[in-house]
Chemist: 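If you scroll down you'll find the structure; I have some questions about it.
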Amino acid sequence: MIIVSWILIIIMIVLAILSVQFKDLLAAVVAMGAVSLIISLLFLLLQAPDVAMAEASIGAALTMIIYIIVVRKTERREK
Amino acid sequence: MIRKITYTIFLSIIVATLILFFVAFPFGKNKMGVGKYYLNNDIKQTGAANVVTAVTLDYRGLDTLGEVTVLFAAAAGVSILFYLIDQDKKKRERQVYPNFIVRVGSRIIFPFILLFGSYIFIHGHLTPGGGFQGGSIIASGFLLLYLAYPGERVNRKKLAVTEGLAGLTFVVFGAIGIFTGAHSFLFNFFPKGTLNMLFSAGILPILYIAIGFKVGSEFAGIIDDMMCQTVCGGEK
Amino acid sequence: MVNLTNPILLIAVPLFFVFLAAVIAPFSKRATKYLPPVAFLINLIITLYLIPQVAEKGVIVATTAGIKPPFAINIAVDGLGLSLAIIASLLGLIASLYNLKYITEEPQDKFNMLFLLLGTGITWMVITGDMFNLFVAFEVTSISAFGLVGFLRDKDSIEAGFKYLVMGSIGASLLLIGVVMLYAATGTLNMADIAEKIARFSFRQKLLPYSFIFTGLGIEGALFPLNAWLPDAHPAAPSSVSSILSGIMTTAAIYAIIRATVTVFNYSAITPFILLIALLTLVFGETSAFFQKDIKRMLAYSTIGQTGFFFFAFSLGSVQGMQGAFMQILNHSLSKAMLFLIAGAMITQVHSRNIDDFSGIGKKMKISSVFFAIGAFSLMGLPPFFGFWSKLTIIFATLAYTNFYTITLVVILLFMSVIEGAYFFRVMQSMFFGKLKEGTEIKEASPGLVVPFVILGIVILTLAIYPTPIIAVSKKIAVQLIHRAVYINAVLGGL
Amino acid sequence: MNMSLMVLLLTPFTGGILSYLGGKIHRSVRYTFAILFSSLTLVELFFYYNKPVNHFVLGKMFGSVMILQINPISWLFAFIVTTISLLAIIFSVNDMEGRGGLDFYYFELMVVEGAMLGITLAGDLLTFFLFWEIMSWTSYLLIIQGGNKSIKAGYKYIIMSIIGANSMLIAIAMIYGKIHTLVFRNVAMLLAASPHGFDIAIFVLFAIGFFVEAAVMPLHTWVSDAYSEAPSSVSSVLSGVLEKIGAYGLFVLLYALFGVSLLGKLMPLRFPSPTIMYTIGWFAGISIVVSTFLAILQEDAKKLLAYSSISQIGYVVLGISIGTSLGVAGGLFHALNHAIFKSLLFFTIGAVIYRTGTRNLSELGGLIKKMPVTFTGTLFGIIALAGVPPLNGFVSKWMIYEALLQKKEVFLLILALIGSTGSFLYVYRLIHSTFLGQLPEKFKDVKEVPFLMQIPIWLLSLGTIVFGIWPGLAMNVIARGEKFFGITPIKYNLYGFPGGNGMGSLKMINISSVFIAGLIVAYIIFALGAKTHRISQYDNYAAGQVVTKDTKYNYSYGFYMFFGRVVNPVFKWSADKIYLAWARSANVFGDYMRRIYTGNLETYSSYIVVIISLVGFLILLGGKIW
Amino acid sequence: MIFYVGAFILIAVGLYAIIIKKNLVKIIIGLDLISSGTNLLIVSIGYVKGGTAPIFSHPGILPQMMVDPVPQALTLTAIVIGASELALAAAFVAILYKHYGTLDIRKVRGLKW
């Protein structure tokens with residue numbers, strides 16, 4: 001439980017920093033989706049199935065869609 | 001460049017103080033105060049197998065009501081902002097027609113998604129899951145339809161009505177609590193039934209079904225506003 | 001039916017109307033226009049019903065889900081909360097009547113729903129007795145405020161709305177983190193329960209959650225460094241919305257801070273730090289208001305100034321200071337709401353927000369300019385008006401113990417009220433004695449707009465003519481608030 | 001009976017409201033109501049002639065009780081307030097005929113009268129301050145009735161009077177902080193018991209407020225614009241009454257709150273009277289001299305009168321600050337006299353402006369034939385102002401000089417004498433360039449002012465004579481007042497003062513009889529003398545040279561140019577310039593402050609992080625700090 | 001303890017993104033990171049070592065072994081609130097792009113002082 005959580009959290013932090021630094025907005029959005037997915041996995045580790053499902057379906061699915069729609073309506077590259 | 005460094009220093013101070021604060025409350029330690037009460041007499045008072053559902057709907061029902069109104073306000077805000085935004089028709093998006101498999105496949109899968117979503121929020125008080133999770137699954141079902149048929153639009157009139165009715169049921173069931181028994185909002189006046197049976201935990205399943213419909217229609221509404229490339233105003 | 005006056009109805013009834021509006025909207029957009037006034041009227045009646053109970057029992061506690069407070073969310077209405085709820089429903093009622101004629105832009109049904117939600121959110125924030133529920137109510141108010149600020153969808157209001165949204169959601173997250181830290185420390189979420197359990201922590205340990213909550217609410221409560229969004233957001237919103245925002249919303253956030261500081265954290269030692277922030281808010285608000293050309297932006301800056309003023313009065317810590325703060329809150333929300341409504345009516349006639357275009361309209365728009373003068377005089381604190389008594393109490397409270405610091409504080413206070421008098425006077429002078437621009441036919445605003453703020457004006461005038469009962473009531477409220485034990489026993493009494 | 005103090009106070013306000021409503025019905029209804037109600041107040045006042053009522057409770061606010069009371073001195077000032085406002089209303093009936101918004105004008109006039117009455121009747125500091133603020137606001141509204149230039153003047157007035165009122169508020173709050181009640185008696189007890197520095201602070205704060213209103217030297221800059229720009233009936237009310245309220249406030253401060261004995265304790269250094277009184281005396285002396293010099297150089301009639309009222313009020317303040325019973329009586333009596341002859345002069349100049357439309361002295365001239373009544377009024381006014389025996393100015397100035405002599409304060413005496421001789425100069429200038437000399441062409445058809453405007457002129461000239469010859473009438477009110485406030489009352493009789501303890505006696509009756517006898521003798525010589533025949537003014541000026549009708553031969557522009565050249569270098573720096581500089585720097589400071597709202601989002605959100613990290617930093621170091 | 005640290009770092013990265021980044025989309029990502037971090041923090045507070053999910057799926061489960069349900073209830077609400085806040089923010093960004101034609105926050109400065 002400890003090792004898995006360490007690995008997942010480190011991946012999550014790296015992904016978060018990446019999503020902020022990416023120049024290509026779509027890549028940043030996908031990284032953001034991955035962060036939400038990992039958070040949902042962490043919720044499972046923390047014995048919180050309800051919240052994991054909510055995070056997965058709302059955080060990963062719907063928020064990602066909204067981001068992608070926004071990026072599609074605006075520019076793809078930053079700067 | 002200096003800005004970045006100074007702000008990273010500030011942020012690291014914040015993280016350090018936060019960690020310092022939480023040292024006194026270590027990770028695994030049982031810090032339950034009110035939680036112990038809920039775990040011990042959840043079955044007696046609400047009869048719901050899923051304690052989290054009992055807490056969200058029964059003990060802290062007002063939070064969920066507030067939460068639903070927040071979502072409602074966000075949906076209304078988004079539809080305000082996107083109102084008459086793409087009125088200039090000449091800038092029509094180049095219509096991307098997905099290939100045949102997606103169109104047929106989505107028609108087949110969509111009912112299953114609806115079934116799965118409704119399963120989740122009907123069994124909210126027994127298995128993990130509930131109104132929010134089921135509703136968002138239904139919304140992603142609608143999303144699939146948008147991908148398959150970009151031209152068509154969801155009938156916003158029906159969505160708005162379901163939204164309103166679901167909210168009304170929630171408030172009405174809560175208000176009934178005031179006039180019966182213990183004179184308090186969201187009082188669970190229905191029979192509790194036996195544990196782990198479908199018709200148990202009083203009004204909780206009814207509330208979660210209402211929330212399921214509401215969240216589903218609201219997220220669908222938001223996505224519809226966002227996705228609308230063509231005329232957005234008018235018949236809404 | 002005693003339970004008809006259950007404070008929960010203050011939230012349930014408006015929500016019922018909001019969802020009813022959602023159902024009606026697709027069929028007839030016009031019908032949704034009449035729902036907010038009805039809802040606010042019912043709310044007002046309920047609050048007036050509650051007055052005798054609060055007067056005699058001090059704090060009314062209503063539970064949800066039939067379970068005693070610490071284990072379920074409860075509604076705790078004390079003197080201050082009830083009076084803010086009364087002001088909120090009164091202003092909501094008057095602004096929604098104002099909306100009938102004022103809002104013509106297209107998605108009216110959505111606007112009416114959000115407007116009603118804004119009113120409910122404020123009443124909710126003011127009467128809830130649970131920290132997380134306070135966060136949810138705070139969120140309901142902010143989200144509907146973001147939507148309403150961006151309602152006009154022109155360049156300025158979208159930009160103002162976005163900045164307000166980003167700042168507001170950071171504030172909400174900070175508040176949430178603060179509440180959660182309190183939960184980690186004490187294990188409960190009920191305000192009174194936390195107040196009891198947090199007492200054993202040292203000052204230093206309590207400081208971090210307090211600073212998160214203070215900053216989170218301070219962003220919405222227009223305190224000094226955090227209020228940069230307000231001068232853009234309030235003018236960009238339609239006038240009836242900005243009258244609610246300026247009138248009662250910042251006050252509700254300040255109420256939450258007061259509730260946290262006095263009842264939950266029992267932090268009398270923190271006051272010098274708050275005093276500094278309140279003073280800076282006052283100074284920056286008033287001085288920048290002096291240079292505004294746009295009338296609504298000037299009113300928004302003066303809101304910051306006035307908020308700084310009554311937050312300063314609260315941070316004195318004494319009972320008289322709190323009494324002065326309450327009277328100033330009452331005076332400011334009524335007159336500021338009226339001023340915004342009048343500014344809205346004038347803008348519909350003059351079609352511009354620049355103060356120079358307002359010259360000489362005193363002769364044409366007689367009623368609105370006379371009531372503008374009444375509102376401005378009452379805000380400035382001229383003798384016959386209520387503002388004078390509140391300013392006097394605050395100054396008396398500051399000088400309770402005269403030493404060098406309190407005198408400099410009072411000098412700053414008075415200098416700021418002189419500046420406030422100066423910029424309000426500049427507007428009124430150009431309005432009453434300036435020359436009317438030729439070729440602009442200006443006539444009095446349509447009665448639909450005039451009647452609402454005339455009602456507010458009458459309320460202000462009655463306060464001016466006979467202030468003594470209100471002063472006595474505010475004294476009782478201040479005493480009840482400062483002695484927090486009353487609140488805690490009432491809520492946990494039934495344990 | 002004690003209800004009627006409240007009735008007395010409310011009549012002007014009800015009069016104002018009724019005249020405002022009446023104005024909506026018809027023009028004449030408006031000023032009938034105004035005149036009716038202000039005369040009603042005057043009549044009611046006489047009920048209280050010598051019946052001091054000292055405890056009518058108005059209400060209870062913040063724990064301190066609000067009291068109305070009337071003592072002889074406040075009766076005296078209430079008398080001045082009601083008479084001058086009554087006459088001003090009568091005068092403004094046709095003076096303000098042309099202007100719009102007259103309902104509001106009469107309403108304000110009555111409210112100002114009510115407010116000043118309230119101040120004189122106030123028994124505690126809270127009512128005093130309440131009516132003080134109402135007075136300054138409504139007089140501001142009165143000033144700006146005079147057209148757009150008066151708005152700037154009004155703006156300057158209101159800013160200065162707010163600052164004055166606020167400094168008074170601080171003092172009141174400090175007193176309230178200590179004893180939680182504001183009735184004069186308890187305040188006096190507090191001041192007697194409290195430490196040294198506290199008394200000085202309270203005194204200075206109150207003095208600032210009263211100096212602004214009484215236009216004493218450093219704070220006088222608003223007076224010249226406000227009096228000259230305001231409509232003439234308003235400026236007569238302002239100069240006649242508003243300044244006296246400032247003087248009344250000073251009197252209350254010195255004698256009701258502090259009391260002579262306490263002031264002695266304050267700084268009993270080697271000066272004859274307590275240092276504080278001495279400094280006020282010097283302030284008054286300087287303002288007498290400087291404003292007299294300024295008045296001499298003025299071209300505009302109303303500005304001249306404005307500066308002259310600054311110097312005359314200087315006499316009143318000087319009298320009050322001397323401290324001996326004779327000096328205080330002189331000061332109070334001079335306040336009454338100054339109210340009479342200064343409003344008389346403002347009314348006559350107002351009449352001249354009403355007819356000729358200009359107030360520039362160089363354009364006027366030769367109106368003596370056209371407006372004889374106004375001429376006689378001005379004549380009486382300037383004789384009283386200059387302090388020539390038969391009229392009332394002489395008696396009070398005489399008392400002040402006598403008191404200064406008794407106190408052996410020679411320098412103040414010299415300043416006062418310079419002031420009164422200087423007043424001869426500008427007073428002569430006034431009457432010469434308006435009434436004497438050649439009548440310009442454009443005023444050929446000027447007629448006398450309508451009868452209604454002549455009433456105030458007649459009444460006030462009568463007043464100067466009555467108080468000139470029988471000073472005893474005012475003296476018994478003042479003496480009873482001094483006894484009320486614990487100062488030994490002066491010995492007086494109907495015609496003047498009996499001699500005794502190093503003070504010359506004064507019997508006005510023989511001085512005026514001698515004066516009248518001299519007049520009669522001069523007239524007889526004039527009538528019996530050589531046959532006189534009328535010579536038109538053109539002959540004796542042009543000495544036979546053919547002069548056409550429209551050549552102007554008497555130039556009154558730069559009348560005292562020679563004096564100006566001597567004095568002008570001194571007036572380069574004036575208090576006004578300093579205040580404007582302060583105002584500008586306040587602007588710059590304010591403009592700099594609002595730069596903080598830069599409009600970009602990062603700085604806004606970075607403020608949040610900075611605050612949290614600041615708190616976090618404090619906690620990290622926490623161990624050391626707490 | 002790593003859960004707490006992870007949550008705080010997420011919040012810090014979110015705040016960093018809002019303050020430093022110029023692009024509007026990055027600012028919304030920052031907002032989302034802060035709310036996700038807070039959600040993770042809330043749930044990790046409720047965790048009890050060796051506890052099971054708070055659901056009485058079969059009679060054998062005892063209440064003492066369960067994890068604290070209250071934070072999970074709070075997080076449910078917090079997630080949906082974060083999502084709705086985000087939807088509104090995304091709508092604002094789309095409209096801002098339509099008005100200002102750029103995603104750079106420095107150019108979006110119509111109102112100041």
Side-chain angles (χ1 to χ4, degrees), chain B residues 17-18 20-22 24-25 31-38 45-46 57-63 65-67 69-70 72-74 76-81 83-85 156-158 160-161 163-168 170-172 174-175 177-179 181-188 233 236, chain C residues 2-3 6 8-9 11-12 15-16 18-27 62-67 70-73 106-107 110-111 113-114 117 120-121 124 128 130 132-133 136-137 139-140 143-144 146-148 150-151 153 158 177 181 184-190 193 197 205 208-209:
Chain B
T17 29
L18 279 170
L20 186 82
F21 178 84
F22 276 94
F25 316 103
K31 299 184 274 298
M32 282 198 265
V34 184
K36 241 193 289 307
Y37 174 88
Y38 292 142
Q45 286 180 346
T46 55
L57 274 183
D58 195 321
Y59 294 113
R60 302 191 66 80
L62 210 55
D63 282 351
L65 177 63
E67 194 299 333
T69 25
V70 164
F72 177 81
V78 167
S79 71
I80 280 182
L81 288 173
Y83 196 82
L84 302 175
I85 184 77
R156 290 307 295 272
K157 251 199 221 315
K158 291 196 174 47
V161 169
E163 217 179 320
L165 284 181
L168 279 180
F170 194 106
V171 171
V172 162
I178 290 184
F179 303 116
H183 299 303
S184 69
F185 197 65
L186 286 176
F187 176 63
N188 201 340
K236 207 202 277 334
Chain C
V2 72
N3 52 23
N6 186 331
I8 292 272
L9 286 177
I11 305 169
L15 283 186
F16 178 81
V18 168
F19 296 132
L20 195 66
V23 173
I24 293 169
F27 304 106
T63 62
T64 56
I67 295 158
F71 303 110
I73 302 179
E106 202 6 65
K110 295 287 190 292
F111 177 85
M113 283 187 244
L114 277 187
L117 268 184
T120 2
W124 196 332
T128 179
D130 180 284
F132 190 76
N133 203 258
V136 171
E139 197 58 38
V140 167
I143 292 270
S144 38
F146 304 149
L148 287 170
F151 177 69
R153 289 193 305 290
I158 293 293
I177 296 170
M181 286 159 94
T186 57
T188 68
L189 283 168
N190 185 301
D193 212 7
K197 293 203 166 71
Q205 266 175 326
L208 196 64

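This is a predicted model, so every value here is computed, not measured. Letters go in sequence order (proteins before strands), and every chain restarts at 1.
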Chemist: Identify which part of B:Leu65 has an atom lying under 4.5 Å from any heavy atom of chain C, answering side chain, backbone, both or neither.
Modeler: both

Chemist: Specify which of B:Gly77, B:Gly61, B:Ala73, B:Ala24 makes the most heavy-atom pairs with chain C at under 4.5 Å.
Modeler: B:Ala73

Chemist: B:Leu186, B:Val171, B:Leu165, B:Asp63: which one forms the most heavy-atom pairs within less than 4.5 Å of chain C?
Modeler: B:Asp63

Chemist: Are C:Phe27 and B:Val161 close enough, and set up right, to give a side-chain contact (heavy atoms from CB on, under 4.5 Å), and what steps lead you there?
Modeler: CA-CA 10 Å; C:Phe27 304 106; B:Val161 169; 3.9 Å; yes

Chemist: Quick one: of B:Gly164, B:Gly35, B:Ala166, who has the most non-hydrogen atom pairs under 4.5 Å with chain C?
Modeler: B:Gly164

Chemist: The criterion is ring pair (Phe, Tyr, Trp, His ring centres under 6.0 Å); which residues satisfy it with B:Phe22, sequence neighbours excluded?
Modeler: E:Tyr4, E:Phe8

Chemist: Heavy-atom distances under 4.5 Å only: say whether C:Ala62 touches chain B with side chain, backbone, both or neither.
Modeler: neither

Chemist: Test side-chain contact (heavy atoms from CB on, under 4.5 Å) on C:Trp124 and B:Leu62 and set out the steps.
Modeler: CA-CA 10 Å; C:Trp124 196 332; B:Leu62 210 55; 3.8 Å; yes

Chemist: Out of B:Tyr59, B:Phe21, B:Phe170, which one racks up the most heavy-atom pairs below 4.5 Å with chain C?
Modeler: B:Phe21

Chemist: Tell me, side chain or backbone of B:Val34 under 4.5 Å from chain C's heavy atoms, or both, or neither?
Modeler: both

Chemist: Using modelled atom types only, decide if a donor and an acceptor are shared between the side chain of B:Lys157 and the backbone of C:Pro26 within a distance under 3.5 Å.
Modeler: yes

Chemist: Over 60° means perpendicular and under 30° means parallel, so tell me whether C:Phe71 and B:Tyr37 are parallel, tilted or perpendicular.
Modeler: parallel

Chemist: Chain C heavy atoms under 4.5 Å from B:Ala175: which part of the residue, side chain, backbone, both or neither?
Modeler: neither

Chemist: Under 4.5 Å from any heavy atom of chain B, what part of C:Leu20 do you find: side chain, backbone, both or neither?
Modeler: both

Chemist: Run the side-chain contact (heavy atoms from CB on, under 4.5 Å) check on B:Leu81 and C:Ile158 step by step: do they pass?
Modeler: CA-CA 9 Å; B:Leu81 288 173; C:Ile158 293 293; 3.7 Å; yes

Chemist: Output the distance between atom OG1 (B:Thr69) and atom CG (C:Leu15), rounded to the nearest 0.5 Å.
Modeler: 5.5 Å

Chemist: What residue, out of B:Thr46, B:Thr17, B:Val70, B:Val172, has the most heavy-atom pairs lying under 4.5 Å from chain C?
Modeler: B:Val70

Chemist: What's the spacing between C:Ile143 CD1 and B:Phe72 CZ if we round to 0.5 Å?
Modeler: 13.0 Å

